[in-house]
Amino acid sequence: MADARPFHWEYTPEPIARELFRVEGGRPLSGTVAISGAKNAALKLLAAATLTGERCRLTNVPEIEDVRVMVQTLTEIGVVVDHPEPNVYEIAAGDVDWLFVPLEAAAKMRASFMLLGPLLTRFGRVIISNPGGDRIGRRPVNLHVDAMRAMGAQIDYRNGYYFATAPGRLRGSEVRFPFVSVMGTENALLAATLADGHTTIRPAAQEPEVDDLIAFLLKMGAQVKRTAPDTIEVDGRRRLRGAEHRVTPDRIEAGTFAIAGAVTGGKITLTGAPCEHLGAFVDVVGRAGVAISCGTDTIEVDGSALSERGFRPLDVVTAAYPGLATDLQPPVSVLLTQADGTSHVHEAIFEDRLEWLTELRRMGADVDIEDGHHATIRGRTPLHGAEVDISDLRAGASLILAALAADGTTTIHGAHHVHRGYENIEGKFLGLGARIARLAEGNDTTNP
Ligand code: EPU
């Protein structure tokens with residue numbers, strides 16, 4: 001295997017295709033929408049496929065920008081990735097040419113750091129860019145690095161890169177996290193599958209996407225068990241085999257469409273929807289007065305209470321699973337603008353996830369952001385069309401929801417953020433009767 005290729009410390013990002021959404025709101029959505037595979041499962045499954053030299057096949061993979069970036073990153077290090085048909089990816093990591101994950105990948109997507117565990121445990125070394133550095137935001141990866149060190153890795157940090165080696169093999173260990181981290185758990189889990197001996201990970205994240213990863217690893221021959229809700233135990237194996245797996249459905253996409261039905265006063269059915277993964281969310285929107293019911297793999301949402309008696313205000317707090325997902329806080333915040341009274345939102349997981357509410361304010365929402373973790377939303381305020389900017393994926397999808405509920409036309413800049421994580425979002429909304437168009441910036445004269 002070749003050595004890591006030379007670095008290029010200077011980084012000039014590729015130009016992004018600037019796009020916007022133009023939405024004409026005020027129409028109740030109706031009909032059926034199919035939920036895609038989960039982004040936050042698919043990205044980890046793609047990383048996990050590098051644990052073996054045998055071919056792996058993933059189906060129900062969402063066709064989104066983050067998957068494209070992960071596939072490109074894998075291809076660049078020498079992994080063969082085939083895409084025989086939409087939503088199907090086949091990965092063969094017989095050998096890799098470069099044990100180097102560059103800044104280009106990390107700058108585009110934090111989940112590129114998911115390659116640390118599998119490459120280190122299988123090949124004994126990797127150089128990987130820090131996705132949490134000052135250049136691109138504040139999210140640290142110290143827990144991932146500490147977990148690898150607990151398993152015997154030597155890791156130095158220089159010039160924005162982690163240089164990780166595992167002389168011999170990683171060794172099974174007690175991995176203790178100070179608090180729950182989804183990707184920290186997943187990185188430790190992937191590393192432990194090929195480590196020498198027994199690993200216990202605690203507290204382990206309980207998100208359904210972690211269990212989807214465990215299901216895939218079991219098919220690959222790994223010895224993994226969730227022995228308590230917050231504990232995962234792994235007996236390391238010498239090698240894993242190829243496997244086929246269908247990506248679990250995206251509970252965050254499902255929640256987003258459920259709120260779209262509610263805030264437009266519409267009636268929609270989600271198919272292939274993982275109601276069993278949405279307990280806290282279903283409870284919250286049900287308490288707000290949205291009629292939401294679960295079938296075997298469908299969710300029915302009826303937002304007619306909006307015009308009949310209005311939604312009810314709520315105090316909500318985000319939490320690790322099984323609590324209310326932080327990724328569903330922005331859609332729920334849009335719902336609360338349509339509740340009669342004062343609601344409080346406590347974003348307990350991330351510090352920077354309430355800032356987008358200033359954009360919602362431009363559309364007529366009455367919102368106070370008290371600090372990085374707390375906001376007050378007073379309703380019910382009619383929303384109106386405006387010109388707004390998307391700062392991140394979940395905020396972007398939520399501005400579309402607000403625009404669908406608003407009177408008039410909204411122009412939403414920064415559409416590329418949304419394509420990172422939602423498959424064909426405008427097509428799905430069009431299928432529900434929305435008036436939405438995706439246009440190139442500067443070429444935006446067409447109305448939806
Ligand atoms: N944290 C640390 N050090 C670490 C890792 C995390 O301090 O080494 C902190 C974070 O800053 C945060 C908390 O721990 O305050 C929890 O973060 P976690 O590690 O659980 O988040 P993550 O694994 O980086 C995943 C999802 C996020 C989702 C969170 C929480 C993926 C690719 N990302 O991130 O999804 O919000 O879990 O559920 O799985 C999204 O899809 O839009 C998204 C941001």
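Just follow the structure's listing: the first ligand is 1, and inside any ligand the first atom is 1. All residue numbers refer to positions in the sequence shown, counting from 1. Values below: all heavy atoms of this structure, side chains included; hydrogens, waters and symmetry mates excluded.
Backbone and side-chain nitrogen or oxygen atoms of S181 are examined, and one is located within less than 3.5 angstrom of a nitrogen or oxygen of ligand 1. Any N or O atom pair closer than 3.5 Å counts here, and M183 shares at least one such pair with ligand 1.
Heavy-atom contacts of V141 reach the following atoms of ligand 1: 4 (C), 8 (O) (cutoff under 4.0 Å). The atoms of ligand 1 that sit less than 4.0 Å from any heavy atom of H144 are 8 (O). Interface of K39 with ligand 1, defined as ligand atoms under 4.0 Å from a residue heavy atom, comprises 40 (C), 41 (O). Taking a cut-off of under 4.0 Å to the non-hydrogen atoms of L393, the atoms of ligand 1 that pass are 42 (O).
When the options I252, I349, D66 are ranked by their closest heavy atom to atom 16 (C) of ligand 1, first place goes to I349. Of the listed residues (F113, F177, F179), the one carrying the non-hydrogen atom nearest atom 13 (C) of ligand 1 is F179. Looking at V182, N40, L328, it is N40 that brings a heavy atom closest to atom 33 (N) of ligand 1. The option with the heavy atom closest to atom 44 (C) of ligand 1, from among R110, E186, R353, R394, is R353. Comparing G396, P140, P131 against atom 4 (C) of ligand 1, the shortest heavy-atom distance belongs to P140.
Looking at R241 and E54, no side-chain N of the basic residue comes within less than 4.0 Å of a carboxylate O on the acidic one, giving no salt bridge. A salt bridge is absent between D196 and R171: the closest approach of a Lys/Arg side-chain nitrogen to an acidic carboxylate oxygen does not fall below 4.0 angstrom.
Here Y321 has no heavy atoms under 4.0 Å from ligand 1, in either its backbone or its side chain. Using a 4.0 Å cut-off between heavy atoms, N142 contacts ligand 1 through both its backbone and its side chain. If you look at D327 next to ligand 1, the close heavy atoms, those under 4.0 Å, all belong to the side chain.
Not a single donor-acceptor pair under 3.5 Å links the side chain of D230 to the backbone N or O of P203. The backbone N or O of L314 lies less than 3.5 Å from a partner atom in the side chain of S343, making a donor-acceptor pair. The main-chain N or O of T200 is never found under 3.5 Å from a side-chain atom of H198 such that the two would form a donor-acceptor pair.
Proximity of K44 to ligand 1 is established by a heavy-atom distance of less than 4.0 Å.
Geometrically, R202 does not engage F177 in a cation-pi contact defined by less than 6.0 Å to the ring centre and at most 45° from the axis.
Of the N and O atoms on the side chains of E244 and T59, not one donor lies less than 3.5 Å from an acceptor on the other residue. The closest side-chain donor-acceptor pair between H344 and E370, if any, does not fall under 3.5 angstrom. When only modelled atom types and interatomic distance are considered, Y161 and N130 share no side-chain donor-acceptor pair under 3.5 Å.
R394 pairs with exactly one of D327, L328, T326 by the side-chain contact (heavy atoms from CB on, under 4.5 Å) rule, that one being D327.
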